Amino acid sequence: MPKSKRSTVVALTQTDKKGREGKEKLIEDIHQCVDNYDYLYLYSVKDMRNTYLKEIRHDFKDSRFFFGKNRVMAKALGTTVEEEYKEGLSAIAKQLSSEVGLLFTNKAPEEVKSYFQEFVKPGYARSGAIATETVSLPEGPVKRGSEPVPHNMEPLLRSLGMPTALKNGIVTLLVPYTICMTGETLSTNQAHLLKLFYHQLSEFSVDLLSYYHNGQVEQIE
């Protein structure tokens with residue numbers, strides 16, 4: 001990466017000592033990564049899952065990931081041409097908002113893009129997510145897959161809004177029931193029911209937004 005434009009200490013706003021030390025350490029770590037790695041990628045995460053992030057970190061053992069504390073990361077990179085740690089970094093700093101992170105690595109763009117295009121994992125949608133399909137259950141005995149629902153689950157299903165009853169020890173839907181419809185914002189109860197019936201309507205994925213190399217920033221389509 002280009003030679004550092006400056007070596008001045010980044011000023012932080014007043015905060016408690018522990019918090020200030022944490023921010024200073026993060027800034028120092030990012031500066032070291034800028035100096036030691038060839039590429040810096042900006043990425044966003046869809047449907048965050050820590051388990052999958054750990055798997056990615058394992059696959060990129062020789063790289064460094066940073067996620068969270070966008071304002072501190074932006075300050076470390078420098079948000080203006082005058083403040084940027086190295087030439088061109090302010091263009092990355094300005095994109096640090098919402099659920100995005102930084103990946104420092106020596107892996108070239110084609111390798112990194114190929115990895116993340118293939119790393120897509122299904123998951124259970126959380127409340128507030130948008131349903132990607134309509135999920136309905138027919139009237140009669142309630143099943144999860146090919147197996148009947150255990151009788152002791154009936155009170156839970158009823159509490160979640162399903163019109164169920166026990167008939168001869170069998171959990172039974174009194175009328176057809178739609179858990180969710182395509183495009184609907186899921187409630188807590190709907191998300192719980194989708195998980196109980198093994199319907200995975202979300203996907204964990206990492207989208208690469210741009211990368212920095214030798215003073216230049218390239219957007220990734």
Side-chain angles (χ1 to χ4, degrees), residues 41-61 63 65-70 95-103 107 110-209 220-221:
Y41 295 86
L42 180 74
Y43 63 90
S44 64
V45 179
K46 179 184 176 185
D47 198 35
M48 169 66 75
R49 294 289 191 275
N50 287 329
T51 300
Y52 295 141
L53 276 183
K54 288 180 180 178
E55 186 175 340
I56 292 172
R57 289 178 189 272
H58 179 270
D59 292 341
F60 282 76
K61 287 181 179 179
S63 307
F65 286 86
F66 295 89
F67 192 84
K69 298 185 178 179
N70 287 343
Q95 298 180 63
L96 281 166
S97 62
S98 301
E99 290 195 346
V100 299
L102 301 177
L103 163 61
K107 299 181 188 296
E110 289 309 312
E111 180 181 357
V112 177
K113 285 191 284 187
S114 176
Y115 174 87
F116 284 115
Q117 284 171 356
E118 296 178 5
F119 196 96
V120 179
K121 304 291 186 179
Y124 293 107
R126 294 165 171 158
S127 61
I130 304 300
T132 56
E133 63 182 78
T134 297
V135 178
S136 299
L137 301 175
E139 178 182 353
V142 182
K143 294 184 177 182
R144 294 196 295 177
S146 60
E147 298 295 322
V149 169
H151 67 87
N152 58 2
M153 190 182 287
E154 193 278 329
L156 172 61
L157 297 179
R158 194 158 19 92
S159 72
L160 293 173
M162 290 183 62
T164 59
L166 278 177
K167 292 188 175 182
N168 298 320
I170 298 173
V171 182
T172 304
L173 259 178
L174 304 178
V175 294
Y177 183 76
T178 297
I179 295 178
C180 65
M181 299 184 67
T182 302
E184 184 178 8
T185 301
L186 297 176
S187 67
T188 301
N189 285 1
Q190 288 172 310
H192 195 167
L193 285 170
L194 288 171
K195 187 172 184 178
L196 287 175
F197 287 94
Y198 309 140
H199 288 280
Q200 295 182 311
L201 301 191
S202 70
E203 284 186 339
F204 170 93
S205 63
V206 173
D207 296 323
L208 297 174
L209 306 177
I220 299 176
E221 298 296 331

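The structure displayed is predicted, hence computed values, not measured ones. All values below come from the heavy atoms of this structure, side chains included, with hydrogens, waters and symmetry mates left out.
- Interatomic distance, NZ of Lys54 versus OG1 of Thr51, reported as 6.5 Å (0.5 Å rounding).
- Here the straight-line distance linking atom CG of Leu157 with atom CG of Leu193 works out to 6.5 Å at 0.5 Å rounding.
- The salt bridge (charged side-chain N to carboxylate O under 4.0 Å, His left out) search around Glu221 returns none, not counting sequence neighbours.
- Evaluation of the side chain to side chain donor-acceptor pair (under 3.5 Å) test over residues 112-125, restricted to residues two or more places apart or in two chains, returns Asp59-Tyr115, Glu110-Lys113.
- In this structure, Ser205 has no side chain to side chain donor-acceptor pair (under 3.5 Å) partners at least two apart in sequence or on a different chain.
- Scanning all heavy atoms of the two residues, the minimum distance from Lys107 to Phe60 falls at CD-CE2, 3.4 Å.
- Taking all atoms of both residues into account, the shortest heavy-atom contact from Val175 to Pro163 is CG2-CG, 3.7 Å.
- Every residue two or more places apart in sequence or in another chain that forms a side chain to side chain contact (heavy atoms under 4.5 Å, CB included) with Met48 is listed here: Val45, Asn50, Leu53, Phe67, Glu99.
- Atoms OH and CD, from Tyr198 and Glu147 in turn, are 9.0 Å apart once rounded to the nearest 0.5 Å.
- Rounded to the nearest 0.5 Å, atoms OG (Ser202) and CG (Leu194) are 10.0 Å apart.
- Arg144 meets the salt bridge (charged side-chain N to carboxylate O under 4.0 Å, His left out) test with no other residue; sequence neighbours excluded.
- Within the structure, salt bridge (charged side-chain N to carboxylate O under 4.0 Å, His left out) contacts touching residues 191-201 (residues at least two apart or in different chains) do not occur.
- For the side chain to side chain contact (heavy atoms under 4.5 Å, CB included) test, residues two or more places apart in sequence or in another chain that qualify with Arg57 are Phe65.
- In this structure the side chain of Leu156 reaches within 4.5 angstrom of the side chain of Leu196, judged on heavy atoms.
- How far CG of Leu42 is from CG of Asp207: 11.0 Å, rounded to the nearest 0.5 Å.
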Between Val135 and Phe197, is the side-chain contact (heavy atoms from CB on, under 4.5 Å) condition met? List the steps. CA-CA 10 Å; Val135 178; Phe197 287 94; over 6 Å; no
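- Residues satisfying the salt bridge (charged side-chain N to carboxylate O under 4.0 Å, His left out) criterion with Arg158, sequence neighbours excluded, are Glu154.
- Applying the side chain to side chain donor-acceptor pair (under 3.5 Å) rule to pairs touching residues 171-180 yields Ser136-Thr178, sequence neighbours excluded.
- Scanning for side chain to side chain donor-acceptor pair (under 3.5 Å) contacts around Arg49 gives Asp47, with sequence neighbours left out.
- Taking Glu184 as the reference, Cys180, Met181, Gln190 meet the side chain to side chain contact (heavy atoms under 4.5 Å, CB included) condition, with sequence neighbours excluded.
- Separating the CD1 atom in Ile220 from the CG atom in Leu208 is a distance of 4.5 Å, to the nearest 0.5 Å.
- Summarising the geometry of Ser44 relative to Val100, their closest heavy-atom pair is CB-CG1, 4.0 Å, with the distance given to 0.1 Å.
- Shown here for Ala125 and Leu186, the closest heavy-atom pair between the two residues is CB-CD1, 3.5 Å.
- Looking at heavy atoms from C-beta onward, Val206 lies out of side-chain contact with Leu103 at the 4.5 angstrom threshold.
- Shown here for Pro141 and Ile170, the closest heavy-atom pair between the two residues is CB-CG2, 4.0 Å.
- Residues forming a side chain to side chain contact (heavy atoms under 4.5 Å, CB included) with Leu174 (at least two apart in sequence, or on another chain): Ala165, Lys167.
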Kindly determine whether Leu137 and Met162 satisfy side-chain contact (heavy atoms from CB on, under 4.5 Å), including the steps that lead there. CA-CA 10 Å; Leu137 301 175; Met162 290 183 62; 3.6 Å; yes
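- The shortest heavy-atom contact between Leu96 and Asn70 is O-CB, 3.8 Å.
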